[in-house]
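Structure first, then comments.
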Amino acid sequence: MRLFILSIAIIFSIFIGNAQELKSPNGELMMQFSLEANGVPTYNLSYKSKPVIKSSRLGFILKDDEKSLMDDFAISSTETTSFDSTWQPVWGEQKEIRNRYNELAVTLTQNETERKILICFRLFNDGLGFRYEFPTQENLVYFVIKEEKTQFAMTGNHTAFWIPGDYDTQEYDYTESKLSKIREKFDSAVTDNASQEQFSPTGVQTALMMKTDDGLYINLHEAALIDYSCMHLNLDDENFIFESHLTPDAIGDKGYMQAPCKTPWRTIIVSDDARDILASKITLNLNDPCEIEDTSWIKPVKYVGVWWEMITGKSSWAYTDDLPAVQLGKTDFSEVKPNGKHAANTAHVKEYIDFAAKHGFDGVLVEGWNEGWEDWFGQSKDYVFDFVTPYPDFDVEEIHEYAKSNGVKMIMHHETSGSIRNYERHMDKAYQFMKDNGYDAVKSGYVGNILPRGEHHYSQWIVNHYQYAIEKAADYQVMVNAHEAVRPTGICRTYPNLIGNESARGTEFQAFGGSKPNHVTLLPFTRLIGGPMDYTPGVFEMDISKLNPDNNSHVNSTIANQLALYVTMYSPLQMAADLPENYNRFLDAFQFIIDVAIDWDESIYLEAEPGRYITVARKEKGANNWFIGNVNGLDARTSTIKLSFLEPGKKYKATIYADAKDAHYKTNPQAYTIKTKNVTNKSKLVQLSVPGGGYAVSIEEIK
């Protein structure tokens with residue numbers, strides 16, 4: 001590990017009257033902090049002398065407070081620090097991550113109230129992170145945030161890739177438009193969801209990706225969201241100024257604070273090369289180091305599961321159709337008639353275990369195994385699941401022993417139906433049940449409106465619940481994959497047992513009418529900035545009516561595109577989502593899913609343009625094998641990449657899974673080719689990607 005810290009104010013911060021300047025280690029980024037004449041804190045940011053963020057105000061409006069934290073400030077002190085270290089993630093896109101920045105900490109005192117705020121700026125080579133800190137003080141101890149007023153003033157009418165600001169869901173397709181067109185396009189960008197509430201016709205969510213007319217790429221997000229409300233962005237579309245908008249609780253408050261305390265980091269990633277946005281590690285670096293002393297039990301997982309057949313409507317979560325409602329502990333399921341569609345039955349789950357064992361998968365996820373699914377949704381039920389009682393046709397012990405004998409781990413499913421108190425009431429018992437029955441990982445879900453009523457998925461209290469679940473799981477050595485939870489902000493560095501999240505529009509929506517064909521060319525620029533996604537790729541049958549005649553949805557992707565997602569959508573948790581019978585029809589293509597690694601020593605972003613294409617090469621952890629993935633948007637293109645990242649002097653065999661010439665995501669999605677060729681670090685790959693298509697390559701050293 002390299003570590004260098006310097007606290008000499010005159011080196012990296014230049015004092016100009018009431019203003020301070022901070023430069024990035026490579027000198028390409030410059031941030032300036034200053035106070036306006038009335039004591040309002042402001043900052044601005046430039047990249048290679050180009051303005052990125054114009055003068056933007058900082059501060060808070062407090063509830064029931066005569067003088068909020070917006071103005072009348074004076075600078076009490078400043079301190080600068082240089083930091084340079086290297087750390088190793090438990091799992092990740094690369095073996096080592098460098099954390100290098102210059103820091104400016106400005107302590108402000110409000111003249112009238114003598115209250116203090118410290119604003120900490122960290123300037124990396126690829127962007128800026130800053131947060132507010134409230135030190136121990138007599139005049140500001142307990143306070144309630146009415147709104148955080150952090151601004152991000154844009155320099156023009158940029159192109160944005162956005163989803164509607166919403167307190168309860170991120171499960172939207174992305175809209176590409178000029179900032180000035182967000183208001184016009186907002187209503188059409190809002191699609192139905194199980195729980196949703198928008199706050200403004202110009203409100204959008206982070207991570208927000210933008211591109212300027214002169215070729216700068218800008219990403220706005222947050223890091224280390226702990227004990228605070230999730231931040232959205234509200235746009236003043238006349239002046240192109242974004243302002244933070246925190247998620248309220250049931251009575252409209254945005255945050256309950258007790259000094260000493262701090263906010264999450266607000267992040268601005270910027271470059272003139274889109275690949276740098278994808279490669280940035282600012283979000284992780286702004287989180288605290290790992291809190292788990294022994295991480296040997298945290299392992300990447302490749303899995304299959306009883307899920308897609310329910311999502312498509314082929315099978316059901318519920319055991320019976322005879323009952324209009326059920327009550328846990330009172331309804332006797334042994335006395336009711338099974339519906340014949342319940343997928344989570346012992347015999348069927350054994351088939352998935354057999355498939356996983358045959359093809360070398362680590363785990364099997366089973367949804368719908370536990371009592372309560374008959375009226376689980378939309379009834380505002382508190383006691384909706386107990387997370388330990390199986391239906392009569394699911395033998396927990398038999399499944400446990402069968403999976404164990406086949407070298408397969410079972411993955412638990414905890415759907416909460418948004419009932420937070422009920423889940424916390426049962427959490428210890430549920431986690432212990434998992435350990436007793438050989439489950440090392442859980443997929444948790446928060447579908448529907450949150451209970452207590454009026455709370456939102458992204459408010460402070462619920463954010464604290466998600467954190468509680470992660471930390472409680474760590475006590476039981478359980479890995480967590482949370483769906484419908486708050487979008488990730490790099491907390492997986494501190495708690496790497498958080499091996500996945502959904503928190504975006506995943507593959508399931510391909511069975512709910514479909515997603516835009518270029519959706520997967522945007523997620524790495526947006527949702528994945530905060531951490532890995534359980535996107536559940538690997539669908540080979542695109543015509544959903546073949547699984548369920550009543551569902552006419554279409555998966556807007558080619559098979560080659562689906563293969564590439566295992567590389568382009570980084571996650572240590574990767575599902576082969578389709579049914580075994582569909583994989584058995586295309587075993588030659590399925591081989592890539594079997595072979596592809598899920599943990600990496602090195603990752604190189606070869607091509608990138610948001611909404612258009614992404615090409616990534618990754619080196620398998622502990623091996624000299626590489627995998628390449630390319631996903632393409634709406635326009636056919638030829639991808640040309642050099643294999644110079646391969647080790648000089650060595651020969652490799654490349655297996656290329658690609659779109660056929662006549663492939664198309666809508667009209668011919670299952671047309672693909674597979675070819676092999678010998679390559680070296682001097683080789684070049686030229687490959688067609690059709691609309692909604694792509695390619696995947698496995699490169700194995702020839703020994």
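Because only heavy atoms are used, hydrogens play no part in the values below, and waters and symmetry mates are left out as well, while side chains stay in. Residue numbers start at 1 and run along the sequence shown.
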pair [X]-[Y]: side-chain heavy atoms closer than 4.5 Å:
X: I145; Y: M257; value: yes
X: Y47; Y: E28; value: yes
X: N102; Y: T80; value: no
X: F525; Y: T521; value: no
X: I119; Y: L58; value: yes
X: Q467; Y: I226; value: yes
X: N561; Y: N632; value: no
X: N501; Y: R487; value: no

ask   = Can I163 and Q170 be said to form a side-chain contact (heavy atoms from CB on, under 4.5 Å), step by step?
value = CA-CA 7 Å; I163 55 175; Q170 278 196 274; 4.0 Å; yes

Lys/Arg-Asp/Glu bridge criterion (N-O < 4.0 Å) met for [X], [Y]:
X: E148; Y: R266; answer: yes
X: D65; Y: R115; answer: yes
X: D72; Y: K67; answer: yes
X: R57; Y: E36; answer: yes
X: R612; Y: D635; answer: no
X: R122; Y: E103; answer: yes
X: E147; Y: K63; answer: no
X: R131; Y: E133; answer: yes
X: D173; Y: K516; answer: no
X: K178; Y: D213; answer: yes
X: E243; Y: K149; answer: yes

query = What do you reckon, are the aromatic ring centroids of Y43 and F130 less than 6.0 Å apart?
reply = yes

Check: F83 ring centroid to Y101 ring centroid under 6.0 Å = yes

[atom1]/[X] to [atom2]/[Y] distance, rounded to the nearest 0.5 angstrom?
X: Y613; Y: E607; atom1: OH; atom2: CD; result: 6.0 Å
X: N449; Y: Q196; atom1: CG; atom2: CD; result: 9.5 Å
X: T494; Y: N287; atom1: OG1; atom2: CG; result: 4.5 Å
X: R275; Y: Y217; atom1: CZ; atom2: OH; result: 10.0 Å
X: L216; Y: K211; atom1: CG; atom2: NZ; result: 10.0 Å
X: N219; Y: I282; atom1: CG; atom2: CD1; result: 9.0 Å

State whether the side chain of [X] and the backbone N or O of [Y] hold a donor-acceptor pair below 3.5 Å, judged by distance alone.
X: Q137; Y: P135; answer: yes
X: H457; Y: G448; answer: yes
X: K146; Y: V144; answer: no
X: T202; Y: R183; answer: no
X: H158; Y: A160; answer: no

Stepwise side-chain contact (heavy atoms from CB on, under 4.5 Å) check, R505 with H519 = CA-CA 9 Å; R505 187 181 179 96; H519 185 56; 3.6 Å; yes

Heavy-atom closest pair, residues [X] and [Y]:
X: L123; Y: S24; result: CD2-N, 3.3 Å
X: I182; Y: L235; result: CD1-CD2, 4.0 Å
X: P51; Y: T155; result: O-CG2, 3.5 Å
X: T489; Y: L225; result: OG1-N, 3.0 Å
X: P248; Y: S459; result: O-CB, 3.3 Å
X: T568; Y: G629; result: CG2-O, 3.5 Å

query = When Q460 is tested against each of D249, D227, D253 for side chain to side chain donor-acceptor pair (under 3.5 Å), which residue passes?
reply = D227

If we count only N and O atoms by modelled type, under 3.5 Å, do the side chains of [X] and [Y] hold a donor and an acceptor together?
X: Y605; Y: D276; answer: no
X: Q110; Y: T113; answer: yes
X: N44; Y: S55; answer: no

request  = Mind telling me whether F199 and H245 have parallel, tilted or perpendicular rings, with 30° and 60° as the class edges?
outcome  = parallel

request  = Kindly assign one of parallel, tilted or perpendicular to the pair F134 and Y132, based on the angle between their ring planes and the thresholds 30° and 60°.
outcome  = parallel

inquiry  = Which residue in the set T42, I75, V106, V40 passes side-chain contact (heavy atoms from CB on, under 4.5 Å) when paired with L35?
reply    = I75

inquiry  = Can you confirm if the NZ or CZ of R100 lies within 45° of the ring axis of F124 and under 6.0 Å from the centre of its six-membered ring?
reply    = no

request  = Go through the steps to decide whether Y446 and Y466 satisfy the test ring-ring contact (aromatic ring centres under 6.0 Å, His included), and finish with yes or no.
outcome  = CA-CA 10 Å; Y446 296 88; Y466 302 137; 5.0 Å; yes

